[in-house]
**Student:** 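My structure is below; once you've seen it, I'll send some questions.
As the structure is a prediction and not an experimental result, all values here were calculated from the model. Atoms within each ligand, like the ligands themselves, are counted from 1 in listed order.
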Amino acid sequence: MVKGKITSLAVKDVRFPTSLGHHGSDAMHTDPDYSAAYVVIETDADDALKGYGLTFTLGKGTEIVVCAVNALSHLVVGRNLEDIVTNFRDFYRQLTSDGQLRWPLWKLLVDMTPEQLVSCIDFRYITDVLTEAQALEILQNGKQRQETREERMLKSGYPAYTTSCAWLGYSDEQLQKLCADALQDGWTRFKVKVGADLQDDIRRCKLIRDMIGHDNKLMLDANQRWDVNEAISWVQELAAFKPLWIEEPTSPDDILGHGTISKALAPLGIGVATGEQCHNRVMFKQFLQARALQYLQIDSCRLGSVNENLSVLLMAKKFNIPVCPHAGGVGLCELVQHLIIFDYISVSGELDNRMCEYVDHLHEHFKYPVTIHNAAYMPPMDPGYSTEMKEDSVLSYQFPGGSVWQQLIHDKRVEI
Ligand SMILES: C[C@H](O)[C@@H](O)[C@@H](O)[C@H](O)C(=O)O
Ligand SMILES: [Mg+2]
């Protein structure tokens, strides 16, 4: 058992100027700077154990998250590591933060007993759909043939789809080049940004569907752009391209609206996917109760912790809804791979209609970046949650004093 206590917490505002290349652009976020509030926790453990955490932002506003982290730090600094590890639920309830652990996180979760996993979850507000006893039963069933599933992950990895070919700000030439490269690399599932202009969407969807053929999967992402009826009529115009899902068709808070859209598109065989902006288990509970989504997209950072994600994975299993995690942001691929590999091995036990998003940006800034092989996430084998960034990246991209930002400001390429 790990001995020692947390001696310090530092949080930095780290931003990458992805907006300059339109990377990550969509119908609502035309100029995202993939950024992170990046936390380093130091301890007095014998091996000088450190913890790393981040939450993803789009640039402006990171300073607010930095303030929030500093405001909570008094609950973390000075804490005894053993107290945290032996009673996650209490720590989480006080803080809803995640702890850094010695195994790759996915392996630590897989090796935990059902009782230990359940002890990390706050069931308050969700017992009308998932009781502690029901969660325990799901996890006990998940222990059956777990080794076989773990071997499958280690051999073939977790299936992924790519969004990096068709950001809304990319030209048709960029889209065609990136799509051809992705096909060459074995990708068979592609997500396209839509929602700003219908004729532009029809042109770009035709372009990519013609390139990938009819056997490969195509998903659409509108990033909350439409009203409910507008979403239905707009997607009906794109149905000819046979999308598997429309993602975030309307406000991420409009649960019943998503239900109306789901019902209207069901005859076309188009599902609704959402969740990247869904901030807690209670919202997901209602999406599931209302049958308002057919693909549940957890976000490792938006849900605030591993604890909250565990409760959502178990509710998705209860409702038999596939989890297809969101990862369109800096560090999100590195984090969420742990959660979805655990989901397959210990909760869902299935891969049908399941895939994890992958975006091909900024992995070079991480000490333990994701490994993609044959369009699948290979399980990370380094300790932790894969969150640790390279120190020179943090220095160079710290906002606004880092050398990259100072150069961009000097060259008048950005205004702050
Ligand atoms: C602004 C961001 O890049 C979003 O467009 C991105 O997270 C997207 O919604 C996705 O699903 O990857
Ligand atoms: Mg999205």
Side-chain angles (χ1 to χ4, degrees), residues 15-36 54-62 65 160-170 174-175 178 182 187 189-196 201 204 208 217-226 231 235 238 243-254 258 261 270-279 284 287 293-303 322-337 339-340 354-363 370 372 377:
R15 302 187 196 185
F16 300 95
T18 47
S19 61
L20 297 179
H22 303 294
H23 307 306
S25 55
D26 64 44
M28 291 290 268
H29 316 93
T30 53
D31 60 346
D33 280 337
Y34 275 13
S35 304
L54 66 84
T55 191
F56 168 59
T57 67
L58 291 180
K60 288 187 187 67
T62 312
V65 182
Y161 72 88
T162 178
T163 307
S164 304
C165 306
W167 296 115
L168 204 69
Y170 282 1
Q174 262 179 302
L175 188 155
L178 291 166
W187 290 93
R189 306 173 180 93
F190 297 79
K191 185 158 85 176
V192 185
K193 292 293 176 180
V194 296
D201 289 351
R204 296 167 80 254
I208 203 160
K217 284 193 165 53
L218 178 67
M219 289 78 75
L220 308 179
D221 187 353
N223 288 92
Q224 318 140 27
R225 181 68 183 245
W226 302 313
V235 176
L238 301 176
L244 178 69
W245 76 52
I246 176 62
E247 182 173 325
E248 290 203 301
T250 189
S251 162
D253 299 335
D254 187 355
H258 277 76
I261 296 165
I270 301 171
V272 165
T274 197
E276 70 181 63
Q277 300 274 0
C278 192
H279 49 284
F284 273 118
F287 272 109
L293 52 70
Q294 283 69 50
Y295 299 91
L296 190 150
Q297 298 177 307
I298 58 165
D299 180 286
S300 48
C301 294
R302 195 82 171 87
L303 274 173
V323 175
C324 298
H326 171 250
V330 61
L332 299 184
C333 298
E334 275 74 21
L335 274 69
V336 86
Q337 62 180 334
L339 302 177
I340 199 62
R354 286 161 169 81
M355 57 189 108
C356 185
E357 181 174 25
Y358 172 71
V359 292
D360 191 9
H361 303 295
L362 306 170
H363 301 294
V370 296
I372 298 286
Y377 279 91

**Student:** Given His361 and Phe16, is the ring pair (Phe, Tyr, Trp, His ring centres under 6.0 Å) satisfied, shown in steps?
**Tutor:** CA-CA 10 Å; His361 303 295; Phe16 300 95; over 10 Å; no
**Student:** With Lys193, which residues qualify under salt bridge (Lys or Arg N to Asp or Glu O under 4.0 Å), at least two apart?
**Tutor:** Asp221
**Student:** Which residues satisfy the salt bridge (Lys or Arg N to Asp or Glu O under 4.0 Å) test with Glu334, sequence neighbours excluded?
**Tutor:** none
**Student:** Run the numbers for me: atoms of ligand 1, each under 4.0 Å from some heavy atom of Asp221, listed by number.
**Tutor:** 8 (C), 9 (O), 10 (C), 11 (O)
**Student:** Heavy atom to atom 9 (O) of ligand 1, shortest distance: which of Gln297, Glu276, Glu247, Arg302 holds it?
**Tutor:** Glu276
**Student:** Output the distance between atom CD1 (Ile270) and atom CE (Met219), rounded to the nearest 0.5 Å.
**Tutor:** 13.5 Å
**Student:** Within a distance under 4.0 Å of any heavy atom of His29, pick out the atoms of ligand 1 and give their elements.
**Tutor:** 1 (C)
**Student:** Once the angle between the rings of Phe56 and Tyr34 is folded into 0 to 90°, is it parallel (under 30°), tilted (30 to 60°) or perpendicular (over 60°)?
**Tutor:** perpendicular
**Student:** With a 3.5 Å cut-off and no angle check, do the side chains of Thr57 and Thr62 form a donor-acceptor pair?
**Tutor:** yes
**Student:** How far is atom 5 (O) of ligand 1 from its nearest protein heavy atom, and which residue and atom is that?
**Tutor:** Asp26 OD2, 2.5 Å
**Student:** Among side-chain atoms of His29 and Trp167, is any donor-acceptor pair under 3.5 angstrom?
**Tutor:** no
**Student:** Suppose I only count heavy atoms of Glu357 and a 4.0 Å limit; which atoms of ligand 1 are within that range?
**Tutor:** 10 (C), 11 (O), 12 (O)
**Student:** Consider every N or O of Glu248 and every N or O of ligand 1, then say whether any pair is closer than 3.5 Å.
**Tutor:** no
**Student:** Would you check if there is a donor-acceptor pair between the side chains of Gln297 and Glu276 at a distance under 3.5 Å?
**Tutor:** no
**Student:** Output all residues satisfying salt bridge (Lys or Arg N to Asp or Glu O under 4.0 Å) with Arg225, sequence neighbours left out; order by chain, then residue number.
**Tutor:** none
**Student:** Non-hydrogen atoms of Lys191 versus ligand 1: any pair closer than 4.0 Å?
**Tutor:** yes
**Student:** If waters are left out, how many protein N/O/S atoms lie within less than 2.8 Å of the Mg ion (ligand 2)?
**Tutor:** 3
**Student:** Select one of side chain, backbone, both or neither to describe which atoms of Asn223 lie under 4.0 Å from any atom of ligand 1, heavy atoms only.
**Tutor:** side chain
**Student:** For atom 2 (C) of ligand 1, what is the closest protein heavy atom, and at what distance to 0.1 Å?
**Tutor:** Gly24 O, 3.5 Å
**Student:** Do any N/O atoms on Lys193 end up under 3.5 angstrom from N/O atoms on ligand 1?
**Tutor:** yes
**Student:** Treating His258 as the side-chain partner and Asp254 as the backbone partner, does any N or O pair qualify as donor plus acceptor under 3.5 Å?
**Tutor:** yes
**Student:** Which atoms of ligand 1 have any heavy atom of Leu58 under 4.0 Å away?
**Tutor:** 1 (C)
**Student:** Closest non-hydrogen protein atom to atom 6 (C) of ligand 1, residue and atom name please, with distance?
**Tutor:** Gly328 O, 3.6 Å
**Student:** Is it the case that Glu357 and Thr163 place a side-chain donor and acceptor less than 3.5 Å from each other?
**Tutor:** yes
**Student:** Just wondering, do Phe287 and Thr274 contact through their side chains at under 4.5 Å, heavy atoms?
**Tutor:** yes
